[in-house]
Amino acid sequence: MKKIKYINKIDEIEGLSNHEKTQLKTVTERFAFRSNEYYLSLIDWSDPDDPIRQLIFPQVNELMEWGKCDPSEESNYTVIPGLQHKYPSTALLLVSNVCGGICRYCFRKRIFFKDNSDVLKNLPKAISYLKDHKEITNVLLTGGDPLMVSTRRLSNIIEQIAEIDHIKIVRIGTKMLSFNPYRILNDPLLTDMITKYNNRNRRIYIMSHFSHTREITEEAYNAIIMLQKAGAIILNQTPIIKKVNDSPHVLAELFQKMSFIGITPYYVFQCRPSLGNKIYAVPLEEAYGIFEKAREQVSGISKRARFVMSHSTGKLEIIGLTESQIYLKYHRAADSKYSAQFMIYKRNPEAYWYDDYTGLFAGSSVPCDTEVNYENLSMALA
């Protein structure tokens, strides 16, 4: 069994100069930093544009004023703290306020701030809500990262969900296959739990988060095989991130590698306009071009991903461009009357989000206290 040390102090990173550490402390005072020995070992420190480094390391330009605390207005769909119900058939449970590493482009940076109350505290009340709403067939466990929760606690949550007859799918959204596959490799109880609750009446899906093929190491592959043998179905989703996968070749390679190892490419997201994210975002129309050029290079099995925005009003799929127009469709609408609605807008090469076409801006107007709660992150290291 290999234990992996987690790190949330920039001073502990040997690959950084003293000047870099001093500069980056100003960033980590506002936006949390967290990684681990395994993930840091994947970085080529001689390459300042190394994609793994871009994914996990703070950059000074994160302090540029841009974005919102809650860009998809999740607060509008929060039933109780930690339980969201945006689409009729799907409910989200935010079961953790910690991740194995913190992606620099995270759209829920707010959960790492002090006084944040987004994480589920009242499981009985959440289970009662799920029981009462028979239209819910899917439950997504997210956070933070559910695999930062102990298997015992995670099993307790899934066991109670599994007793609800109308819920047929439990999804576990995790980046631990990328950040720390030893979380799976070291814990046979986790795969035992998946086998136990994965049956003809209910399926367990793992929503993985590989953003670059460099994350698909031998350790990650072995963890994938363990989960697949346990019966889990694995789907992959990633945003398009500047200097990470904003290249048709890199994205095509990711799609291919996913399909080669039995993982379905599921969603490619437009980077959400969250606080500090401007440096990581690619303009929407440029990102769509990258996505389609990547799909040109792969077979049908690798083409299954959809390019979407998780907007406050629903999941918007970008489906085409002409010289003057962009075409969008609601892949999933929060208000069912807009389901599958098709929309045409004049092209805007400077647009990053749907609101740049409509002239509106969706996103929480509530002031965001951005003091990082490192006490919570430190406690999670124990």
Side-chain angles (χ1 to χ4, degrees), residues 13 15-16 24 27 31-36 38-62 64 66-67 71 99-109 145 173-181 207-217 220 236-258 263 265-295 297-298 302 305-310 318 352-353:
I13 308 304
L16 295 176
L24 295 180
V27 182
F31 301 126
F33 165 73
R34 180 172 164 83
S35 190
N36 63 71
Y38 165 83
Y39 200 68
L40 295 178
S41 74
L42 306 184
I43 295 174
D44 177 359
W45 291 101
S46 66
D47 179 7
D49 292 326
D50 178 83
I52 305 299
R53 181 171 180 157
Q54 299 294 321
L55 279 162
I56 199 70
F57 265 94
Q59 297 188 50
V60 172
N61 284 345
E62 290 177 32
M64 184 188 306
W66 191 79
C99 288
I102 296 177
C103 303
R104 301 315 305 169
Y105 50 84
C106 178
F107 68 89
R108 283 198 191 119
K109 292 182 174 80
D145 197 309
T174 181
K175 196 172 169 68
M176 292 302 279
L177 284 164
S178 306
F179 277 147
N180 180 12
M207 317 305 291
S208 66
H209 187 164
F210 290 102
S211 296
H212 194 282
T213 54
R214 286 265 303 281
E215 295 177 309
I216 308 171
T217 62
N236 192 70
Q237 50 195 33
T238 179
I240 290 184
I241 300 301
K242 192 178 291 185
K243 292 188 178 182
V244 174
N245 54 19
D246 61 333
S247 149
H249 171 73
V250 170
L251 199 57
E253 188 177 41
L254 181 65
F255 290 161
Q256 285 182 316
K257 191 68 177 282
M258 291 290 98
I263 298 178
Y266 182 48
Y267 284 135
V268 172
F269 290 103
Q270 175 66 3
C271 182
R272 300 192 211 196
S274 187
L275 293 172
N277 274 8
K278 181 67 181 289
I279 188 175
Y280 303 107
V282 177
L284 181 64
E285 293 169 19
E286 180 185 344
Y288 176 74
I290 292 165
F291 173 76
E292 285 297 345
K293 286 175 184 174
R295 292 177 82 245
Q297 301 177 39
V298 300
S302 303
R306 296 174 185 264
F307 181 47
V308 299
M309 278 183 287
S310 286
I318 299 85
Y352 285 87
W353 203 238

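What you see below is based on every heavy atom in this structure, not just the backbone, and it leaves out hydrogens, waters and symmetry mates.
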**Asked** Do Tyr352 and Pro273 touch side chain to side chain, with heavy atoms closer than 4.5 Å?
**Response** no
**Fill in**
Nearest heavy-atom contact between Thr238 and Asn245 is OG1-ND2, 3.4 Å
**Donor-acceptor pair, side chain of Asn36 and main chain of Tyr39, under 3.5 angstrom** = yes
**Complete:** Scanning both residues in full, the closest heavy-atom pair of Val244 with Pro51 reads CG2-O, 3.8 Å
**Message:** Once rounded to the nearest 0.5 Å, what's the spacing between atom OG of Ser211 and atom CG of Asn236?
**Reply:** 7.5 Å
**Message:** Testing the basics here: between Gln270 and Pro283, what is the closest heavy-atom pair and its distance to 0.1 Å?
**Reply:** NE2-C, 4.1 Å
**Message:** Do Cys271 and Lys242 have side chains that approach each other closer than 4.5 Å (heavy atoms only, starting at C-beta)?
**Reply:** no
**Message:** Restricting to non-hydrogen atoms, name the atom on Ala32 and the atom on Arg104 that form the minimum distance, rounded to 0.1 Å.
**Reply:** O-NH1, 2.7 Å
**Item:** 4.5 Å side-chain heavy-atom contact, Glu286 and Ile240
**Value:** no
**Item:** Met258 and Ile216: CA distance, side-chain angles, deciding distance, side chain to side chain contact (heavy atoms under 4.5 Å, CB included) verdict
**Value:** CA-CA 9 Å; Met258 291 290 98; Ile216 308 171; 3.2 Å; yes
**Residues that Asp246 engages under side-chain hydrogen bond (donor to acceptor under 3.5 Å, both in side chains), provided they are two or more places apart** = none
**Prompt:** Donor-acceptor pair, Ser247 side chain versus His249 backbone, under 3.5 Å?
**Reply:** yes
**Fill in**
Heavy-atom nearest pair, Ala281 first then Trp66, reads CB-CH2, 4.1 Å
**Message:** Within the 4.5 Å heavy-atom criterion, are Gln54 and Asp49 side-chain neighbours or not?
**Reply:** yes
**Asked** Listed by chain and number, what are the ring pair (Phe, Tyr, Trp, His ring centres under 6.0 Å) partners of Tyr105, not counting sequence neighbours?
**Response** none
**Asked** Does the side chain of Glu215 come within less than 4.5 Å of Leu55's, by heavy atoms?
**Response** yes
**Asked** Atom CD1 in Ile279, atom NZ in Lys243: separation rounded to 0.5 Å?
**Response** 7.0 Å
**Prompt:** Hey, are the side chains of Phe57 and Leu16 touching, using non-hydrogen atoms and a 4.5 Å cut-off?
**Reply:** yes
**Request:** Look up atom OG1 in Thr217 and atom CG in Leu177, then write down how far apart they are to the nearest 0.5 Å.
**Result:** 9.5 Å
**Point-to-point distance, once rounded to the nearest 0.5 Å, from CG of Asn277 to CG of Asn61** = 12.5 Å
**Asked** Just by modelled atom types, is the Gln59 backbone N or O under 3.5 Å from a matching donor or acceptor in the Glu62 side chain?
**Response** yes
**Asked** Is it true that a side-chain atom of Asn180 and a backbone atom of Tyr38 form a donor plus acceptor pair closer than 3.5 Å?
**Response** no
**N-O pairing of Arg214 and Asp44 below 4.0 Å** = no
**Request:** Compare all side-chain heavy atoms of Phe33 with those of Val27 and state whether any distance is below 4.5 angstrom.
**Result:** no
**Prompt:** Do Cys99 and Lys175 touch side chain to side chain, with heavy atoms closer than 4.5 Å?
**Reply:** no
**Complete:** Between the CD1 atom in Ile56 and the CD1 atom in Ile13, the distance rounded to the nearest 0.5 Å is 9.5 Å
**Request:** Can you measure from CZ (Arg34) to SG (Cys106) and round to the nearest 0.5 angstrom?
**Result:** 13.0 Å
**Fill in**
Here the pair of heavy atoms bringing Ala294 nearest to Phe255 is CB-CE1, 4.1 Å
